[in-house]
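Just so we're clear, the structure is a prediction, and the values are computed from it rather than from any experiment. All values below come from the heavy atoms of this structure, side chains included, with hydrogens, waters and symmetry mates left out.
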Amino acid sequence: MASAQDTFTLKNGVTMPCIGFGTYDTSDEDACRVVLDAIEVGYRLIDTAAIYKNEAGIGKAIATSGVSREELFITSKVWNTHRGYDKTMESFEASLERLGLTYIDLFLIHWPANEKQFGADAEQINADTWRALEDLYQADRVRAIGLSNFKPHHIEGLMKHAKIEPMVNQIEYYPGRMQAETLEYSLEQGMVVEAWSPLGRGKTLTNESIAAIGARYGKSNAQVCLRWLIQQGMLPLPKSGNIERMAQNLDVFDFELTPGEMEIITQQENPTGRFWDADEIDF
Ligand SMILES: NC(=O)c1ccc[n+]([C@@H]2O[C@H](COP(=O)([O-])OP(=O)(O)OC[C@H]3O[C@@H](n4cnc5c(N)ncnc54)[C@H](OP(=O)(O)O)[C@@H]3O)[C@@H](O)[C@H]2O)c1
């Protein structure tokens with residue numbers, strides 16, 4: 001990737017921007033202003049979800065941005081309370097209405113149902129949810145469908161039932177919280193891998209080793225973290241409420257980390273002290 005305007009091509013031929021804008025923890029009231037700023041500085045991929053409760057605000061930004069709908073790439077996700085075929089369909093319709101759109105570019109299953117919560121039913125629940133996404137895709141209601149937080153064994157379980165392969169996997173990934181096996185497996189399956197919390201929810205930004213690397217290039221910790229993700233073939237989804245920092249996070253295409261620097265960043269400890277394991281979550 002040579003610029004923020006570059007794209008990934010999904011396995012169905014649809015192109016998507018190589019970096020996106022995150023909106024978790026952005027209120028519905030703030031979402032319109034924040035997303036208008038993001039679009040103004042150049043973001044075209046906006047990542048939301050039913051559970052973020054900000055789709056209406058984002059819809060207002062889309063409608064008033066002056067950028068054509070076709071230039072934007074809007075992602076939403078079905079939340080865990082709406083797994084299964086019928087509830088996923090309901091959730092999709094509600095997201096679409098709140099966003100004020102006629103289609104969504106990318107629709108994801110937010111988290112896999114796991115055995116801890118659902119025992120032997122987990123695989124079938126994921127298959128039923130996926131079947132809804134397949135039907136939405138085949139009815140041209142969405143341009144692409146995919147997964148979030150799925151580990152390789154969840155994907156394998158899904159593939160036993162799937163007619164259409166997932167095109168994207170969106171996973172937690174930042175220095176100190178790597179999911180190398182899931183990244184490798186998802187890329188092998190031809191998926192685009194999006195990195196959520198690419199800045200460790202802001203906790204990577206005081207890391208001194210990362211700062212020392214950034215100083216060599218005149219780049220901030222945030223920019224180094226995003227570059228580290230891009231050089232691993234991922235699509236980062238940074239979030240900021242501040243227009244200067246939004247713009248800074250797009251300015252990551254004019255330097256190249258060396259293999260040694262990549263390795264130093266990979267070796268950093270998890271600054272958040274925790275991570276979400278899809279096999280362990282109970283929400
Ligand atoms: N699929 C999932 O399960 C899942 C889960 C979590 C998140 N996500 C997605 O991933 C997106 C990003 O993750 P995130 O929101 O958790 O956090 P993040 O992007 O890792 O970090 C955001 C934090 O970093 C700060 N920040 C951003 N750019 C900065 C810069 N250049 N310099 C200094 N500080 C900077 C922000 O503060 P300011 O606002 O003050 O700049 C904010 O506090 C989410 O918004 C959401 O779209 C998906």
Side-chain angles (χ1 to χ4, degrees), residues 1 3-8 14-79 91-108 110 141-144 146 148 168 170 172 174 192 194-202 205 220 222-223 225-226 229-230 234-253:
M1 299 296 166
S3 87
Q5 284 72 48
D6 279 357
T7 54
F8 282 104
V14 165
T15 56
M16 69 186 291
C18 67
I19 185 163
F21 185 70
T23 69
Y24 170 72
D25 211 16
T26 302
S27 71
D28 213 20
E29 296 84 69
D30 290 344
C32 182
R33 190 271 302 168
V34 163
V35 171
L36 280 174
D37 283 353
I39 291 173
E40 186 184 323
V41 300
Y43 291 90
R44 292 295 177 264
L45 190 176
I46 310 296
D47 183 79
T48 183
I51 191 69
Y52 300 171
K53 300 195 185 333
N54 58 17
E55 290 169 312
I58 292 174
K60 280 185 208 139
I62 294 168
T64 55
S65 68
V67 172
S68 71
R69 171 69 186 93
E70 296 70 38
E71 276 186 62
L72 298 171
F73 191 97
I74 309 300
T75 302
S76 194
K77 317 181 190 88
V78 55
W79 184 240
S91 174
F92 173 79
E93 297 299 344
S95 284
L96 198 66
E97 188 171 332
R98 284 189 294 268
L99 286 161
L101 299 178
T102 55
Y103 67 90
I104 287 175
D105 294 277
L106 174 65
F107 200 51
L108 305 177
H110 210 139
R141 311 291 308 281
V142 294
R143 296 176 67 227
S148 177
V168 169
Q170 182 181 124
E172 184 179 22
Y174 51 84
V192 169
E194 298 184 310
W196 67 255
S197 285
L199 311 175
R201 213 152 268 175
L205 303 176
S220 71
Q223 290 170 311
C225 290
L226 297 170
L229 291 161
I230 289 165
M234 273 177 273
L235 188 166
L237 296 171
K239 173 221 164 146
S240 176
N242 172 282
I243 194 164
E244 280 88 30
R245 290 194 283 279
M246 290 176 197
Q248 187 195 112
N249 293 345
L250 287 179
D251 182 18
V252 292
F253 295 92

inquiry  = The criterion is side chain to side chain donor-acceptor pair (under 3.5 Å); which residues satisfy it with Thr48, sequence neighbours excluded?
reply    = Asn54

query = Do Ile19 and Pro238 come close enough that some side-chain heavy atom pair is under 4.5 Å?
reply = yes

task = Step by step, work out the side-chain contact (heavy atoms from CB on, under 4.5 Å) result for Ile51 and Lys77.
result = CA-CA 8 Å; Ile51 191 69; Lys77 317 181 190 88; over 6 Å; no

query = Hey, does Tyr24 have a side-chain heavy atom less than 4.5 Å from the side chain of Arg201?
reply = yes

note = CD1 of Ile58 to CG of Leu36, rounded to nearest 0.5 Å, is 11.0 Å

task = Please report the closest heavy-atom contact between Phe73 and Pro17, naming both atoms and the distance.
result = CB-CD, 3.7 Å

task = Go through Glu55 and Ile62 one step at a time and tell me if the side-chain contact (heavy atoms from CB on, under 4.5 Å) criterion holds.
result = CA-CA 10 Å; Glu55 290 169 312; Ile62 294 168; over 6 Å; no

inquiry  = Looking at Lys53 and Asp28, is there a salt bridge between them, counting it only when a charged N and a carboxylate O are closer than 4.0 Å?
reply    = no

message = For Arg245 versus Ser240, what's the shortest heavy-atom pair and its separation?
response = CB-OG, 3.4 Å

message = By the definition side-chain contact (heavy atoms from CB on, under 4.5 Å), identify the one residue from Asp47, Val34, Ile46 that meets it with Thr23.
response = Ile46

ask   = What are the two closest non-hydrogen atoms of Cys225 and Pro198, and how far apart are they?
value = CB-O, 3.8 Å

inquiry  = Working note: Val35 + Lys60, criterion side-chain contact (heavy atoms from CB on, under 4.5 Å); need CA distance, chi angles, decisive distance, verdict.
reply    = CA-CA 9 Å; Val35 171; Lys60 280 185 208 139; over 6 Å; no

inquiry  = Would you say that Met16 contacts Arg143 through its side chain, given a criterion of any heavy-atom pair below 4.5 Å between the two side chains?
reply    = no

ask   = How many angstroms lie between atom CG of Leu237 and atom OH of Tyr43, to the nearest 0.5 angstrom?
value = 10.0 Å

task = Taking all non-hydrogen atoms of both residues into account, name the closest pair between Cys18 and Leu235 and its distance.
result = O-CG, 3.5 Å

key: His110 NE2 to Ser91 OG distance, which is reported to the nearest 0.5 Å   = 11.0 Å

task = Taking all heavy atoms of Ala50 and all of Ser95, pick out the closest pair and write down the distance.
result = CB-OG, 4.0 Å

remark   = Taken to the nearest 0.5 Å, the spacing of Leu45 CG from Phe8 CZ works out to 10.5 Å

request  = Check step by step if side-chain contact (heavy atoms from CB on, under 4.5 Å) holds for Ile39 and Leu72.
outcome  = CA-CA 9 Å; Ile39 291 173; Leu72 298 171; 4.1 Å; yes

key: Rounded distance [0.5 Å steps], CD in Gln248 versus CE in Met246   = 12.5 Å

request  = Report the residues that fulfil side chain to side chain donor-acceptor pair (under 3.5 Å) with Glu194, sequence neighbours left out, ordered by chain and then residue number.
outcome  = Gln170

Qualifying residues under side chain to side chain donor-acceptor pair (under 3.5 Å), relative to Glu97, sequence neighbours excluded = none

key: Minimum heavy-atom distance between Glu172 and Trp196, given as atom pair plus value   = N-NE1, 3.1 Å

message = Using a 3.5 Å distance criterion without hydrogens, assess whether the side chain of Arg69 forms a donor-acceptor pair with backbone atoms of Tyr103.
response = yes

Residues forming a ring-ring contact (aromatic ring centres under 6.0 Å, His included) with Phe92, sequence neighbours excluded = Phe107

note = Sorted by chain and residue number, the side chain to side chain contact (heavy atoms under 4.5 Å, CB included) partners of Asp25 (sequence neighbours excluded) come out as Lys239

Which residues share a side chain to side chain donor-acceptor pair (under 3.5 Å) with Arg33, sequence neighbours left out = Asp37

Leu96 vs Thr102 side-chain heavy atoms within contact, under 4.5 Å = no

query = Between CD of Gln223 and CG of Leu250, what distance do you get to the nearest 0.5 Å?
reply = 10.0 Å

